[in-house]
Amino acid sequence: MKNASNVIQGEKEESSDAEWNIDQFEDRLFEILSDPNGRVSVAKFKSMLAFSGLRDTDPRLKECMTNFENVLQLNQPDHDSKNTDYYGGLSVDKKTFKECIQDNIILISKSLKNDFIIPEWQNFKQEIDKIYRNCRNNTNGNVASYIPQLARYSPDFWGVSVCSVDGQRYSSGDTNVPFSLQSCSKPLTYCMVQSNDDNIERVHKYVGHEPSGRSFNEISLDYQKKPHNPMINSGAIIVSSLLKPELALPDRFDWTTKMLSKMTGGEYLSFNNAVFLSERETADRNFALAYYMRENKCFPEGTKLHEVLDFYFQLCSIEVTCESASVIAATLANGGICPMTGEKVFNSAAVRNTLSLMHSCGMYDYSGEFAFRVGLPAKSGVSGTVLLVVPNIMGICLWSPPLDMWGNSCRGIQFCQELVNVYNFHNYDNLKHTEKKMDPTRLRIDTLSQDVVNILFGAFNGDVSALRRYYLLGLDMNIADYDGRTALHVAAAEGQEQAVRFLLEMCNVNVNTKDRWGFTPLEEAERFEHPEVAKLLISSMKKMEHPETD
Ligand code: GLN
């Protein structure tokens, strides 16, 4: 087995610190997990990884899982090796444990130190599930019927898959059923065109960046006689003509699917020939668009129109599942690096451009409203898919075939809206202080303890302007530390008269609150000899007893 600590050592030649830390981490991990006989249950170890959101099929854990499997083979040669969940009470000693985990120790240590982008993955999963269930009751919309392959999908299909930028995974519902990418291929090909640096500027010689305000397949061009943007059919057809035109069509298709497969981290990707044939059969509008654009000299010179259209239909007919498409979205969320493999698929400038256009143009004619309500880059497709990107945090794929009047998945839209009602994911949500919304990238306990420290520190220093700020931000001014000490206790003990006045008169805090030793703020003021403060507190207590004297 390759030693991960060597890898680290290799990066940091002389220093043995990193090696020592990893070794120490492995020892500590063993201590935490081992039973009184000095053995670690493999099932228990795996469930700890799962708790943080990792799957044991994660390619980044492959060596570790294979090592455990090999140990199992040696111990119980009769077990069913296909059943990867079977560990039949297998436990290993310290030496074996360390040998088995060392190849993937960096990821394992991150997982067990709770060092992922979403530290409380279990709570996050529960919220996702809640929203998933709410949306399941939404029976609005109609399944696309322009080709039989789409019309045949049951309106009941509903799947949600999440993949964080650290490769934490969660799926609910029909997340392994294949469906075609359709318009969700548009941002992906746009991003691919730009994977060649020279093309970053070039592509916009042929296609604009403005929302069209028209339906996705309308025959119209902007004032420069270019398609409005790459997220509508005309723009996507142009982008298809810019994608590896030097290659013959079969090689072009191969190249594209290889890129897509890098985005899915090797997860499900296929091609639905029946969808392709139907798309081509019912493509009068797309042919009309292409001819109109050719008449207006929109294509680069030498473009073979029929070949480009075929390529465009093929791109629409590529199949994914909710699971694999969530990894695609996560690759976009992660600046072009696939979280499941660590492979760099795109440069970050291409991804940024793609996300910008998804944000302004990704949801057909609903794009403006979506940007207003949800504030996240997303792209929908007529198969009922929504690729939703929470930049730097996660990618989400939503799939449910019934569409609304704009062509967006009804359940998908509802999910996006409910998600940003719960979490501060909207682009313009305040990231520091959101009273109602949660920030899943922070441990809730950290947020709470930070609030306590801030308020008590403000009271200690008599910093009324700081206290005013916390009050205006909606923080609970009665909040107490682990000793039951509130801002009022601290301000009273320190003789901070203005702070005490502000807390009593503006924030209406509880004047009779007791700390863990039973002291009230008044007793604190008296104990530390602040008679003016004591007076204030007494009068506030009197007012509480006889409010009518006010
Ligand atoms: N194949 C469809 C078309 O080109 C894709 C459109 C869509 O998903 N809105 O018309």
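All residue numbers in this chain count up from 1 along the given sequence. Whatever order the structure lists ligands and atoms in, that order sets their numbers, starting from 1.
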Could you check whether [Y] and [X], counting side-chain N and O atoms only, form a donor-acceptor pair closer than 3.5 Å?
{"X": "N176", "Y": "E323", "result": "no"}
{"X": "T441", "Y": "D439", "result": "yes"}
{"X": "E210", "Y": "N229", "result": "no"}

Carefully, step by step, assess R169 and E267 under the rule salt bridge (charged side-chain N to carboxylate O under 4.0 Å, His left out).
CA-CA 13 Å; R169 307 288 296 267; E267 294 187 24; 2.8 Å; yes
Contact atoms of ligand 1, heavy-atom distance to [X] under 4.0 Å:
{"X": "E279", "result": "1 (N), 2 (C)"}
{"X": "V382", "result": "7 (C), 8 (O), 9 (N)"}
{"X": "C316", "result": "1 (N)"}
{"X": "G381", "result": "8 (O)"}
{"X": "Y364", "result": "7 (C), 8 (O), 9 (N)"}
{"X": "Y146", "result": "1 (N), 2 (C)"}

Hey, does G407 sit under 4.0 Å from ligand 1 if you only count heavy atoms?
no
Return yes when N217 approaches ligand 1 closer than 4.0 angstrom through a heavy atom, no otherwise.
no
May I ask you to decide if the ring planes of [X] and [Y] are parallel, tilted or perpendicular, using 30° and 60° as cut-offs?
{"X": "F276", "Y": "F271", "result": "tilted"}
{"X": "W158", "Y": "Y132", "result": "parallel"}
{"X": "Y190", "Y": "H204", "result": "perpendicular"}

Can you find an N/O atom of K186 closer than 3.5 Å to an N/O atom of ligand 1?
no
More than 12 heavy atoms of other residues, nucleotides or ligands under 6.0 Å from CG of N142: yes or no?
no
Exceeds 12 heavy-atom contacts within 6.0 angstrom, atom CD of E246
yes
The option among Q182, R280, K379 carrying the non-hydrogen atom nearest to atom 5 (C) of ligand 1 is Q182
[atom]: the protein heavy-atom neighbour that sits closest, reported with distance to 0.1 Å:
{"atom": "atom 10 (O) of ligand 1", "answer": "N233 ND2, 3.2 Å"}
{"atom": "atom 4 (O) of ligand 1", "answer": "Y312 OH, 2.7 Å"}
{"atom": "atom 6 (C) of ligand 1", "answer": "S183 OG, 3.1 Å"}

